[in-house]
Amino acid sequence: MRKEGRWLLEAAAASFAAVAGVQLFLTARGFYVTDTYVPDIVKAYDNVDYLSDSVSIGRTRPIGWLEHSIVFLILCALYYSIRYLLWRAGRKR
């Protein structure tokens, strides 16, 4: 396999790892915040102008496949470009 092909696979793997890592971090952070949150009931009723009758935990609109795909492709292109530029700079020496 040529170097460019290996770099493309490496870029895809690095991008997937970055997207998966961010998703895992956000999930773990959500679990932690949900587990440790203790509302102050007295302060909650100090301002009664806005009292919601529905509760939404987390995001109100989940991130879809389109957003994940766009971020993945941008990271692939960025990683591949950096890798290629470093290779070209090393080759000119």
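Just the heavy atoms: all of them, side chains too, but no hydrogens, waters or symmetry mates, feed the values below.
Scanning both residues, Phe16 and Phe72, for their nearest heavy atoms gives N-CE1, 3.5 Å. Ser81 and Ala77 make their closest contact through OG-O, 2.7 Å (heavy atoms, listed as atom of the first residue, atom of the second, distance).
To the nearest 0.5 angstrom, Phe25 atom CZ is 10.5 Å from Thr27 atom OG1. Expressed to the nearest 0.5 Å, how far CG of Leu9 lies from OH of Tyr80 amounts to 11.0 Å. Here the CG atom belonging to Leu78 is positioned 9.0 Å from the CD1 atom belonging to Ile74, to the nearest 0.5 angstrom. Expressed to the nearest 0.5 Å, how far SG of Cys76 lies from CD of Glu10 amounts to 11.0 Å. Note that the CZ atom of Arg6 and the CZ atom of Arg83 stand 9.0 Å from one another [nearest 0.5 Å].
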> Hey, mind stepping through Phe31 and Asp35 against side chain to side chain contact (heavy atoms under 4.5 Å, CB included) and telling me if it holds?
Replying inline: CA-CA 6 Å; Phe31 278 125; Asp35 189 44; over 6 Å; no

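Annotation: side chain of Tyr79 is not in contact with side chain of Leu75 (no heavy-atom distance under 4.5 Å).
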